[in-house]
Amino acid sequence: MLNSSLLGSTALFRTLKVLILDLETTVQRFDGKIDNSPFNPDNRCVSAHFHFLGEPVQNLVFHHNEKAIPDSPALMRSALEAADVIVCHNAKFDVMWLTEMGFHIPPRVYCTMIGEYVLAKGQRQELSLKATAERRNVTRKKSDLVDGLFRSGTGFEAMPLETVLEYAEADVVSCGEIYQAQLEDFDTDKNKSMMNIVDLMNEMLLFLVEIERNGIKIDAKALEDLKIEFTVEHKQLSQRLNDIVDMVMGDTPINLNSGADMTKVVYSREVIDRNVHQRVWNIGVGANGKPLYPPRMNASEFARAVRATTTIIQKTDALCCDVCDGRGKIHKFKKDGDPFKNQNSCPSCGGVGAFFKPNGKAAGLRLNPEDASYASINGFKTDKTTIKSLIKQAELKKNDIAIEFLTKMSRLNALSTYLDSFIKGIETWTRPDGILHTQFNQCITATGRLSSTTPNLQNMPKRGFPVRKAVISRFENGEIIEIDYSGIEFVMAGELSRDPQIISDVMNGKDLHKQTASIIYQCSEDEVSKDLRQASKKFSFAPIYGGLGAGEADHVRAYFSTFFDIYEGLGAYHRRLADGVLKNGIVQIPSGRQFF
């Protein structure tokens, strides 16, 4: 029996029989994607490579063009049954394959990618085995042996077997050395607290394997019906939006997917000089990799900046190019008088086939950016959140055509997301048995929360989202139950800070998001709809995580400043964290996890 007093310490791992393992598998390629999942019925495990620390590497070949008879799995089966812990890089992948192949999984798993991720303390760094080995100066991956072959479409099963074995052996050796180096790192006083979170994440890895293996049952007929419904509506909306564009822009060609063109349509303006525009509005990314804050401006400064960086546009009339007769292409001729085989773009009209002459009539919907936060690299924003604000502006101006355009544009964007991100993603990754095995990733976000890929199901809208109809119970007459914590972030903020006002609000059932929505959208709490409440959550959460409302409207910034007047205990807790950062250079949360 393992000594429970050693949990959360490297001492435990030094008492265990440790097996280092790596699997190579076939992959399937489609639409620029690579699928190495064990749930793809066409995939096979090519080879397994493993060794106990201090012992030689063993290899078994199960599926290779040069191997007529696969090796017996008995040696690896015995090793897995003898091991106390299995160590892999990106261990969830290997454990998933091993489980699907029917092998016993040791009672503990240690993923060196998780170890490296936690030791990065929230800083983004490449976590691949290759990058980790180079950073730690241990045995390198022999990627040069296989990269060219893999890029050309050759899988491990078709590469020279000798090459596969040499490549994979280096992976196993490298992984073992990384594991030992990480244990030494976690042994230091500054990192000891983080071993608890590594234990937790490795334990969670096993639950994620179970969750992903179970998968989600998809109703293919319901999904196809939704696809047809959304496609028809998308086409109808696109037609009406283009009709509105023709009405407000004249003959000016407009691409609704272009930020620059949408600035013309919505704000009736276009950028004069893109470099100047970026400089004036402080557009770009800072040294920390995050977007720069918009400049602070009063109303008159903002108005002058808009006039200095953009110009008002007019409707245009199209005039046919007389050089190419409207074709946009011309023939060039050889010295002997014969035309070249390929036509060239018309130099006169730039290949458009027409010139667009301003006719003096005002173009676009003539809405106004409200502050510096509206500025974007292409002019001014027309994203989902901004469109909601612009609809309110259009309603105040009684600009009916703008209201219709923006409302339909918002719906069109939603439909595009539904079709491209959700329906197509679900179609692509649902297996022939109707089960979708989405992946949950532990080592992508900076904060430690999970992310989801193949496809991303975490960004699926909540209640009432039609695509949810395609997710069904796999059991006859079964039902799916949705469970969610209520205001968990607010509750945890009260638990960590022991703020008496938060504790009182939680105990009395106060609806923080409704309170926030009434302030942000300047209405009474009784007027707060479900949509407004949902939209306000980012503002409720922002001050909890230290947000100050930079770049937001004045009344929104006022909300941020008064938040800590209400919740003084939380403000004091934040100040203690900030003092700790100044003193130690890190934030350590109650789990022991640290962030630079």
Side-chain angles (χ1 to χ4, degrees), residues 19-51 57-73 75-77 79-80 86-105 109 111-113 127-130 141-143 145-175 205-206 208-210 212-213 215 428-429 431-433 435-441 443 453-454:
L19 181 69
I20 317 295
L21 181 141
D22 180 60
L23 302 179
E24 306 301 344
T25 72
T26 63
V27 302
Q28 306 305 314
R29 303 168 189 263
F30 56 93
D31 298 334
K33 300 178 178 66
I34 291 179
D35 180 10
N36 60 3
S37 169
F39 307 113
N40 188 314
D42 295 326
N43 276 335
R44 300 288 183 273
C45 180
V46 174
S47 60
H49 310 264
F50 53 94
H51 73 110
V57 174
Q58 306 284 336
N59 66 71
L60 298 174
V61 180
F62 303 127
H63 180 80
H64 193 278
N65 294 351
E66 296 179 25
K67 191 88 169 179
I69 301 175
D71 290 330
S72 167
L75 184 63
M76 186 166 74
R77 193 178 303 279
L80 286 165
I86 180 176
V87 175
C88 314
H89 197 83
N90 189 20
K92 182 157 68 71
F93 172 81
D94 297 282
V95 172
M96 192 86 69
W97 265 96
L98 290 171
T99 307
E100 285 296 299
M101 293 164 70
F103 287 99
H104 164 82
I105 304 300
V109 173
C111 177
T112 51
M113 187 162 74
L127 297 174
S128 68
L129 183 64
K130 178 181 179 180
K141 267 183 78 78
K142 295 190 175 181
S143 302
L145 293 175
V146 301
D147 283 355
L149 291 167
F150 199 76
R151 281 195 298 269
S152 70
T154 304
F156 285 113
E157 76 282 7
M159 296 178 188
L161 182 55
E162 185 179 349
T163 297
V164 174
L165 298 180
E166 183 181 353
Y167 165 80
E169 181 169 333
D171 277 8
V172 174
V173 172
S174 177
C175 181
L205 180 154
L206 294 172
L208 292 177
V209 167
E210 185 176 350
E212 290 183 25
R213 289 186 70 216
T428 298
W429 295 104
R431 303 302 175 180
D433 61 359
I435 302 295
L436 174 66
H437 303 273
T438 189
Q439 294 181 35
F440 293 101
N441 311 299
C443 300
T453 50
T454 64

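Below, all heavy atoms of this structure are taken into account, side chains as well, without hydrogens, waters or symmetry copies.
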Nearest-0.5 Å distance that lies between atom CG in Asn90 and atom SG in Cys443: 8.0 Å

Backbone N/O of Met159 and side chain of Thr163: donor-acceptor pair under 3.5 Å: no

Pi-cation contact, Phe50 with Arg77 (under 6.0 Å, within 45°): no

Gap between atom CG of Asn59 and atom CE of Met76 - 0.5 Å precision: 11.5 Å

Side-chain touch Cys88/Cys111, heavy atoms, less than 4.5 angstrom: no

Tyr167 to Ser143 - nearest heavy-atom pair and separation: CE1-CA, 4.1 Å

Set of residues satisfying side-chain hydrogen bond (donor to acceptor under 3.5 Å, both in side chains) with respect to Asn65, sequence neighbours excluded: none

Side-chain (Glu24) to main-chain (Ala168) donor-acceptor, under 3.5 angstrom: no

Taking every non-hydrogen atom, the tightest pair across Pro73 and Phe103: CB-CZ, 3.6 Å

Distance-only polar pair, side chains of Thr453 and Asn441, donor-acceptor under 3.5 Å: yes

Mutual orientation of the aromatic rings belonging to Phe150 and Phe156 [parallel < 30°, tilted 30-60°, perpendicular > 60°]: tilted

Over all atoms of both residues, closest heavy-atom pair of Ala91 and Val109: CB-CG1, 3.8 Å

Set of side-chain hydrogen bond (donor to acceptor under 3.5 Å, both in side chains) partners for Glu169, sequence neighbours left out: none

Backbone of Leu161 reached by a side-chain donor or acceptor of Glu66 within 3.5 Å: yes

Distance, nearest 0.5 Å, that separates NZ of Lys92 from CG of Leu205: 7.0 Å

Gln439/Trp429 under side chain to side chain contact (heavy atoms under 4.5 Å, CB included): CA gap, chis, key distance, verdict: CA-CA 10 Å; Gln439 294 181 35; Trp429 295 104; over 6 Å; no

Leu21/Val172 under side chain to side chain contact (heavy atoms under 4.5 Å, CB included): CA gap, chis, key distance, verdict: CA-CA 6 Å; Leu21 181 141; Val172 174; over 6 Å; no

Distance in Å, Met113 CE paired with Leu127 CG, rounded so as to fall on 0.5 Å steps: 6.5 Å

Separation between CZ of Phe62 and NZ of Lys67, rounded to the nearest 0.5 Å: 10.0 Å

Distance-only side-chain donor-acceptor flag, Thr25 / Asn36, under 3.5 Å: no

Side-chain (Asp433) to main-chain (Ile435) donor-acceptor, under 3.5 angstrom: yes

Partner of Asp171 by side chain to side chain donor-acceptor pair (under 3.5 Å), out of His49, Lys141, Lys142: Lys141

Point-to-point distance, once rounded to the nearest 0.5 Å, from OG1 of Thr26 to CG of Asn43: 3.5 Å

Derivation of the side chain to side chain contact (heavy atoms under 4.5 Å, CB included) call for Ile105 and Leu98: CA-CA 8 Å; Ile105 304 300; Leu98 290 171; 3.7 Å; yes

Min side-chain heavy-atom separation His437-Met96 under 4.5 Å: no

Student check: side-chain heavy atoms of Leu23 and Ser47 closer than 4.5 Å: no

Where Thr154 and Arg29 come nearest, the two heavy atoms and their spacing: O-NH2, 4.2 Å

Chi angles and distances behind the side chain to side chain contact (heavy atoms under 4.5 Å, CB included) call for Asp22, His89: CA-CA 8 Å; Asp22 180 60; His89 197 83; over 6 Å; no

Residue list, salt bridge (charged side-chain N to carboxylate O under 4.0 Å, His left out) with Arg431, at least two apart or on another chain: Asp35

Taking every non-hydrogen atom, the tightest pair across His51 and Val57: CB-CA, 3.6 Å

Residues Glu157, Arg44; criterion salt bridge (charged side-chain N to carboxylate O under 4.0 Å, His left out); working and verdict: CA-CA 9 Å; Glu157 76 282 7; Arg44 300 288 183 273; over 6 Å; no

